[in-house]
Amino acid sequence: MNQKTPPPSQADSASVAQQRVADLRAEIAAHDRAYYELDAPSVSDEVYDALFRELQALEAAYPELQTPDSPTCRVGGRPLAAFTPVAHRVPMLSIQTETDTSANGAWNFDARVRKELGLDAADAPVEYVAELKFDGLAVSLRYEQGVLMQGATRGDGSTGEDVTQNLRTVRDIPLVLTGLAPAVLEVRGEVYMTRDDLARYNAQAAARGEKTLVNPRNAAAGSIRQLDPSVAASRPLRFFAYGVGEVEGWPGAAPTTHAALLDALSELGLPVCEHRAVLVGARALADFHARIAALRPSLPFDIDGVVYKVNRLDLQAALGFRAREPRWAVAHKYAAQEAHTRVEAIDVQVGRTGALTPVARLQPVFVGGVTVTNATLHNEDEVRRKDVRVGDLVSVRRAGDVIPEIVAVLLEARPMRPAAAAPGAAEPLYPPFTLPDRCPECGSHVVREEGEAVARCSGGLVCPAQRKAALLHFAGRRAMDIEGLGERLVEQLVAQGWVRTAADLYALDVPQLMRLERMGEKSATNLVAAITASKTRSLARFIFALGIRHVGESTAKTLADWLGSLAWLRRAPRPILAVLPDVGQVVGQAIVDFFAEPHNASVIDALLAAGVRPSDEHPPRAELAERLTWARLYAALGIPRLSETRAEELAALFADGAELADATALAARLAPLPQPVSAALVDWLADSKHREALRQLASTRAAILAALPAAALPRLPLAGLTFVLTGTLPHLKRDAARALIEAAGGKVSGSVSRQTDYVVAGSEAGTKLDKARELGVPVLDEAALLAMLDHNKEKTA
DNA sequence: AGCCCTCGAGTTCC
DNA sequence: CTCGAGGGCT
């Protein structure tokens, strides 16, 4: 590389640099060896860091000196990029937190479970397993033929990171299971550190002048997410198993309860915490909660609560899941610890929807294991209610041990004006908090809708804060999942004027990105690749990414699932949207408004033009046909005085909206309706906009119906029917009957109402049967139910 | 008409 | 995590 002859001075400095780089690498390598292999650091962290940074700087200045074996490549930059993603065959769900930290929490959970299972007071109490909720890092261990093959973090629940090497260094984790192991066994559990071990480790680390670990949870998480396994090996980590993911081939009979499952895991040599119990009914759960609370200080490790799980696995299956968490388990936490600190300022942030949120800037205070400096105050009313002012001494806790929250103001410590300045009554130094009437980011007017708690910046996408938030949302992990597009980058892209809308992202190229701060060729290439990869995300993610008001992750899934394509979503008028589950007038209107906005339409067109193509578009769902009845559509149109019942009557008169829009002798044909209703309808139809909307609705409806899959494939026999179970059936247990009905597409609810299609009654049926007779709901016995399942099956087969 | 449940939106700290 | 609001059921 010295063939060319550059000016002498440059040649000199380059060769000096080359020598220094070589020296630095040798020195760092020696320190690494001392630290990792001999476990005896030869220099302090500060000295080591200084050497490391010098090497990084030189390599940055002289890229030709960069080699792949440099220590800066091993640990520098973003180490997480080097973990391989692992798809969880069975998702690693989180667990719902019971917010009531009093004993009521146990009763609340029990009540929800009983209600879901359709049990009433007369039914036997439910059996649970209670365990501890460890404060650590959730991981999944995959054993094949009893041998540990892979360990992964939870990640987003469906995809985690491969941290096998690190988990192998945890002494509690068996590399080989004892006894007869299933062919495949994914063990779910928690990596944690005991308080003593943490203290001991920190004492040694401090003595060596190294960084200490803040709390056991971060210690566990930080250690496992290190690229270099020797780091994890040097930390005293432990493990408890508490559940399973994918399982194949239990030797002998598979466990049928969670308690038996835990025992089985223990038998296989996995550590299972001894503080667990099988308990019957809510009172026993509450007692466990109290008993563990007393035990908590003497436990060797940190817990933030206890966990209750329905013991029987078949009941767990019957209860099923909510969006991201099982319905059969709950974490019952303990009240958080509080600390006192001063409010230094109250700032106002602007969110994606323009919502203004006051945030208290606090004098740093250590509470619940971390140092807290900010706490959200949610909205103006909230600040007023608590009357938080600048300078106040406040009591702070971490709600649910995570989000900092101001509990109360200590009024006696409020700073007051000196008595001389305010003779007579003492006066607070600072006035009550008020939100500004101009957006702090863009100066637009701040508006607060009647009856709404949040105030919003009216600037829309003119407001840079909203634009940035919209872009971050678009790129977010749950949306288009563009890795590497974080806050700092969005900030720069917007400031440069390169990116105004999400569509602009797809026009970015590597040379352009390299002009940004801290952006080398490699990062730029990665980012462009991540952006390109996002073009084929699922439709649900794409819809969510658009950031339509009231359309979050779950509603986006519903829309994608039912309508199947962006084209239908854009085209669907409000009444059609309102027919979908979870979508009513407000959400439907928000969607229509979004697509009607020319700016949004052009952004979407630009996205499509840039090649963004949801990978899973499909025809609308077959069941849509059942929901797109004119009765429902008429009811959803918002015609005055037209109740659901009247809408059905109207549908009987006009089986198609277009016909209604173009009807002659309208008043006469509406005669069967009560006069005020028909008058309101005639009035409504007098508006040509409304007639046009009806025609539009009719044609879109027809187009959607025509697009439905030709053979309505697996039409479930009981789809759309609601059942209520009562009494004891001769053969089927209650939950078995429930499972059968649900498997066939039916729904089981707890009480009889007009919405109920059938009541299934056994012996000793109670008031539900009376109610059914009263409402004229058909009553089935077990045989009739089974016949119905069979009969409908044949009909559709 | 009113309650209950779920979802959406904003936020913290590492 | 918490709060508010929308949707669905009583």
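In what follows, chains are A, B, ... by sequence order, proteins preceding strands, each numbered from 1.
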Would a 4.5 Å heavy-atom cut-off, applied to side chains only, mark Glu190(A) and Val139(A) as touching?
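Answer no - side chains too far apart.
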When the ring planes of His289(A) and Tyr308(A) are compared, do they come out parallel, tilted or perpendicular, using 30° and 60° as the limits?
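Perpendicular, since the angle between the ring planes exceeds 60°.
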Classify the ring geometry of Tyr192(A) against Phe301(A): parallel below 30°, tilted from 30° to 60°, perpendicular beyond 60°.
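Tyr192(A) vs Phe301(A) ring planes: perpendicular.
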Distance in angstrom units between Gln589(A) CD and dG7(C) C1', rounded
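Rounding to the nearest Å, CD of Gln589(A) and C1' of dG7(C) are 16 Å apart.
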Quick one: is [X] getting a side-chain N or O under 4.0 Å of the [N] phosphate, OP1 or OP2?
X	N	answer
Gln349(A)	dG10(B)	no
Thr376(A)	dT2(C)	no
Thr357(A)	dT11(B)	yes
Ser554(A)	dC7(B)	yes
Thr373(A)	dC13(B)	yes

Give a yes or no answer on whether the side chain of Lys386(A) reaches the backbone of Ile406(A) with a donor-acceptor pair at less than 3.5 Å.
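Side chain of Lys386(A) to backbone of Ile406(A): a pair is present.
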Is it the case that the side chain of Arg541(A) and the backbone of Arg477(A) share a donor-acceptor pair, with hydrogens and angles ignored and the cut-off at 3.5 Å?
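A pair under 3.5 Å: yes.
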Of Ala375(A) and Arg352(A), the one whose closest DNA chain B nucleotide lies more 5':
Arg352(A)
Using the side-chain heavy atoms of Arg327(A), tell me which of these nucleotides is nearest: dT6(B), dA9(B), dT12(B).
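From the listed options, dT6(B) comes nearest.
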Dump the pairs, protein N or O against N or O of nucleotides 3-6 of chain C, anything under 3.5 Å, distances to one decimal.
unit_1 : atom_1 : unit_2    : atom_2 : d
dA5(C) : OP1    : Gly451(A) : O      : 3.4
dA5(C) : OP1    : Ala453(A) : N      : 3.2

Is it true that Arg342(A) and Asp392(A) have a side-chain N and a carboxylate O under 4.0 angstrom from each other?
no
